[in-house]
Structures are given as structure tokens and as C-alpha cells.
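One structure is given here, and the rest of the page talks about it.
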Amino acid sequence: MSEYQKFILETVAKQSPFVAEQMRLELERQHRTIELIASENYCSEAEMAAAGSWAAWKYTEGYPPKRETGSKGRYYGGTEYYDIVEQYACQKWLEAFGAQEEYHCNVQPSDGSSANFAAYMAVLQPGDKVLSMDLNNGAHLTHGSPVNFSGKLYDMTFYTTDERGYIDLNDVREKALACRPKAIICGASAYARVIPFDAFRKIADEVGAYLICDTSHISGLIVAGDHPSPFAAGADIITTTTHKTLRSERGAMIFCKKELAKKIDSAVFPGSQGGSLMNMVFAKAIGAELACGDAYKQYIHNVVANCRAMAGAFERLGMAMVTGGTDNHLLLIDLAASGADISGKKVQDALDSVNITLNKNCVPNEKRSPMQTSGVRIGTAPMTTRGFGAEDFCATAQIVTDAIRSLAEDSFEQRAEEFRGRVAELTAHCNGVV
Ligand code: DSN
């Protein structure tokens with residue numbers, strides 16, 4: 001346990017031994033677990049400290065004065081340091097993405113869903129036509145799912161993936177020409193291949209649509225040059241969370257072409273949020289500094305190399321992956337195609353019990369419900385932060401494969417202790433959780 005973690009636990013325990021105890025147990029769980037959830041990561045102690053500080057206490061509705069949108073400043077007084085840090089965070093994130101010239105940045109969204117809500121609100125009216133990826137093929141709930149605001153507010157059409165699981169650009173273009181959407185959404189939560197932003201831009205231009213890219217999962221790869229950039233492709237609006245591959249504190253951001261800046265800022269506040277979480281804005285400013293550094297870029301190169309190594313191991317072990325492999329930080333195992341006709345939920349629950357966390361995930365042409373699924377998603381970002389290298393990920397692929405096969409053969413319970421031991425060997429020599 002780090003000195004900082006000890007300090008936090010002691011400070012919490014002075015007021016609430018109950019909460020401190022749950023926090024201690026959670027920290028222990030994190031230490032003993034191989035974390036493979038592709039959307040999670042561990043941020044720095046500096047970001048944690050800023051997020052847990054007095055920077056949370058101030059209401060700052062509005063934007064720093066002299067923002068390029070002509071902002072008149074904040075609603076409340078006493079915000080001078082918040083103004084400085086918010087401006088700095090925006091500039092540093094634009095620098096991290098190499099997008100200072102043409103783009104504007106808003107660091108106020110609290111989370112990915114509210115960032116997408118504001119992004120749509122800036123350029124769409126309820127009832128407008130929107131073309132997006134089908135959820136079963138890897139898109140996010142906020143990309144038009146009928147149970148989400150996006151599916152309820154907009155007239156959605158969905159493009160699909162081809163028989164290999166790759167985005168079917170012919171389908172995207174045909175559907176765009178047929179439905180003439182006002183916006184096309186690309187980006188995904190469970191897609192292991194490159195998102196072809198240039199091709200999406202071309203199709204959006206052909207039909208006069210806005211191009212909105214949700215880069216929440218791959219934004220770190222974009223910063224490091226390990227994935228093509230939606231900024232270079234000329235996307236109109238780019239959203240991202242900050243806590244996945246960007247490895248900062250929890251939150252989100254929106255980037256847009258400068259001509260949309262006023263619309264985006266108004267859609268965030270007052271359009272959809274009140275006083276923003278300024279403690280998180282302080283943490284995001286630190287995250288931006290880190291993302292501009294070479295150490296961060298090397299970390300992302302390692303995340304990608306580790307994911308390729310793990311995919312190679314799964315392939316050698318005879319496991320089937322959607323698209324046959326990966327170009328980024330995640331991969332998707334298709335259980336039925338791997339010879340295990342069991343649900344993703346069963347695999348998730350069983351692996352949880354031996355200290356590996358991953359999540360159930362739909363696969364293309366999914367036959368089970370989203371609560372059961374026929375696949376699992378695996379990501380390498382968190383364990384790369386903790387120092388796992390290619391060998392550790394290959395050993396983990398072996399444990400996951402053995403667990404899946406034993407579940408299919410009904411012998412998992414007999415082997416659970418063995419799996420726990422193999423996980424403990426791997427976590428014993430990796431870093432703690434910060
Ligand atoms: N929950 C995130 C993920 O797992 O991808 C998306 O919001």
C-alpha cells in the first residue's frame with residue numbers, strides 16, 4: 001500500500017471506520033485482481049489528490065472569461081484559479097491531440113454519456129435522422145440504443161459489420177444515401193479494429209452530415225499516434241472519456257471545430273449540466289500534462305503491443321476472436337466460435353471468483369440477451385499500467401482459456417483453486433494499483 005493510500009484510509013477512518021473498511025477491502029480486491037475490463041484504468045496519485053481536494057467546493061457555472069466563444073465569465077464570483085486551470089486544461093488537451101489550430105475543447109462534461117448528450121444537442125433537434133453503429137456490433141448505448149435518450153430523441157438508422165466483424169463501409173454509405181442523416185456517429189465500446197475516420201468523413205460529406213466521433217476507448221491511442229486521428233480526418237465533433245486509455249480521473253471532454261464552439265459550450269452549460277465538477281477539471285489538467293509526455297506515449301505503445309501479444313496467444317490456443325484479432329487495446333472472444341457454447345455472463349462470474357475481471361459482451365449476430373451475451377471483452381490498458389508485459393498477458397490468456405474450457409466441460413469448480421493460484425503468481429510481481 002502506498003503512503004498516499006495509507007493516508008487516505010487513515011483520514012477516512014477517523015470519521016467513518018465503516019467506509020474506510022470497505023475502501024480497504026476494495027483496495028485489496030484491486031491488488032489481487034487481474035483487471036481486464038477494457039474501459040478501466042488507474043490514474044496517478046496527483047490526479048487522485050486533485051480530485052479529492054478543496055477544488056470540489058466551488059460553483060463555477062459558465063466559462064472562463066475571454067474564452068474564444070466570447071464567454072462573459074462565470075455566474076458566481078471567486079473563480080479566478082478555476083478560470084486559469086480550466087483554460088490550461090483545454091489548451092493542454094488540444095496540445096496532446098495536436099489539434100490547437102482548428103479545434104476547440106470543453107473539459108466540463110462529467111462523463112461520456114453527458115458529453116455525447118451535449119454533442120448531439122449542439123447540432124441536432126429531436127426527431128432528426130442519425131446514422132450510427134448497431135449496439136450488438138460494438139457501439140455504445142448513447143449511440144442510439146432504444147433504451148437510451150439517444151434512441152428516444154433521434155430517428156436512428158444503424159450500420160452493421162461485415163461477416164468478419166469489420167465495419168461495413170458499403171453498408172454505411174448505402175444507408176447514409178438512403179436516410180440522409182443530419183449526423184453520422186462513429187466510434188465504439190467494443191470494436192477491436194481501426195475506426196476509418198477518413199472514410200466516415202467522406203461519406204458524411206457526400207450526404208451533408210455532421211461527423212461525430214466518440215473516441216472514448218481509443219483516445220489514448222490517438223494521442224500516441226497508434227490510431228488514425230479524427231482531428232486529422234476533420235471530424236466536426238469528437239467526444240472522449242478521460243479515464244479509459246487516457247488514464248486520467250473519471251470524466252469526459254468534447255472537442256469541436258472552432259465554428260461549433262459556441263454551440264458546444266452552450267449545450268454543456270446551460271444546456272445539459274449545471275455547475276461542473278471542477279475538482280475533476282483540475283485532475284483533467286494534470287492528466288493532459290501527463291498525456292503530453294513521452295512516458296505516456298510509450299505506455300500506450302506497450303498497451304497495443306501487449307494486446308497483440310495476447311491476441312496471438314488466444315489464437316494459438318484455438319480461441320476465436322471477433323475480426324480474428326486486434327489493432328488496439330481490446331479484443332473480443334466469441335465463445336461459441338471458440339467451441340464453448342456458454343454465455344459471457346457465466347465466464348464473467350466464474351473468472352470473478354478466481355480474481356480475473358472482464359466483462360460479458362455481445363458479438364455480431366448475437367443470439368443471447370445483452371445480460372447474457374455470447375462473448376467477453378478483454379482490454380490490456382489497466383494491467384499495462386501495473387507493469388504487465390507480453391509474457392504476463394500470454395499467461396493470463398492461458399488461464400482465461402483454461403477457465404472457459406473447464407466451464408464448458410463442467411470442471412471449473414474443481415480447478416478454481418488452481419486458477420486462483422496462477423492469478424496470484426502473476427499479480428505477486430506486478431505493481432500495486434497506483
Ligand atoms: N462502460 C463503458 C465501457 O465499458 O466501454 C462505456 O461507457
Side-chain angles (χ1 to χ4, degrees), residues 30 33-43 109-120 132-151 161 165 167 185-193 195 212-222 227 238-254 272-273 277 280 284 300 303-304 307 321-323 326-333 344-345 347-349 351-352 356-364 366 369-385:
Q30 292 187 12
T33 297
I34 295 181
E35 178 56 73
L36 299 176
I37 293 179
S39 49
E40 296 185 7
N41 215 327
Y42 310 94
C43 76
S110 325
D111 56 75
S113 294
S114 46
N116 284 349
F117 186 91
Y120 305 161
S132 180
M133 185 150 91
D134 192 286
L135 193 64
N136 277 357
N137 295 353
H140 189 248
L141 274 175
T142 55
H143 298 177
S145 162
V147 298
N148 180 262
F149 77 85
S150 49
T161 48
I167 290 168
I185 301 170
C186 64
S189 288
Y191 185 71
R193 297 297 181 176
I195 309 273
I212 303 177
C213 305
D214 180 347
T215 63
S216 291
H217 266 266
I218 52 167
S219 41
L221 281 67
I222 294 165
H227 188 288
I238 298 155
T239 61
T240 181
T241 48
T242 44
H243 49 272
K244 297 185 175 88
T245 53
L246 285 181
R247 201 167 60 166
S248 185
E249 263 289 1
R250 284 193 85 96
M253 307 185 278
I254 307 177
S272 55
Q273 286 191 180
L277 307 179
M280 294 319 215
K284 285 174 202 174
I300 290 292
V303 168
V304 174
C307 204
M321 285 162 284
V322 177
T323 74
T326 180
D327 293 329
N328 58 25
H329 65 300
L330 66 82
L331 55 89
L332 283 162
I333 305 252
K345 174 160 174 42
V347 174
Q348 175 182 315
D349 290 347
L351 285 173
D352 249 349
I356 293 180
T357 51
L358 46 62
N359 65 279
K360 58 185 176 285
N361 214 97
C362 292
V363 295
E366 180 60 68
S369 77
M371 291 309 289
Q372 291 296 325
T373 80
S374 305
V376 290
R377 185 184 67 164
I378 289 175
T380 51
M383 291 313 290
T384 302
T385 296

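When a ligand or atom number is given, it counts from 1 through the structure's own listing order. All heavy atoms count here, side chains included; hydrogens, waters and symmetry mates do not.
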(Q) Which protein residues come within less than 4.0 angstrom of ligand 1, counting heavy atoms only? (A) Ser39, His140, Ser189, His217, Lys244, Arg377

**Q.** Trace of the side-chain contact (heavy atoms from CB on, under 4.5 Å) decision for Leu36 with Ile356
**A.** CA-CA 7 Å; Leu36 299 176; Ile356 293 180; 3.7 Å; yes

(Q) Using 0.5 Å steps for rounding, measure from the OG atom of Ser189 to the CG atom of Asn359. (A) 9.5 Å

Q | Asp111: partners by salt bridge (Lys or Arg N to Asp or Glu O under 4.0 Å), with sequence neighbours left out | A | none

Q | ring pair (Phe, Tyr, Trp, His ring centres under 6.0 Å) involving Tyr191 - partner list, sequence neighbours excluded | A | none

Q.
My understanding is that only residues two or more places apart in sequence, or in another chain, count here; which of them pass side-chain contact (heavy atoms from CB on, under 4.5 Å) with Leu221?
A. Asp226, His227, Thr245, Ile300, Val304, Asn328, His329

Q | His140 NE2 to Asp214 CG distance, which is reported to the nearest 0.5 Å | A | 7.5 Å

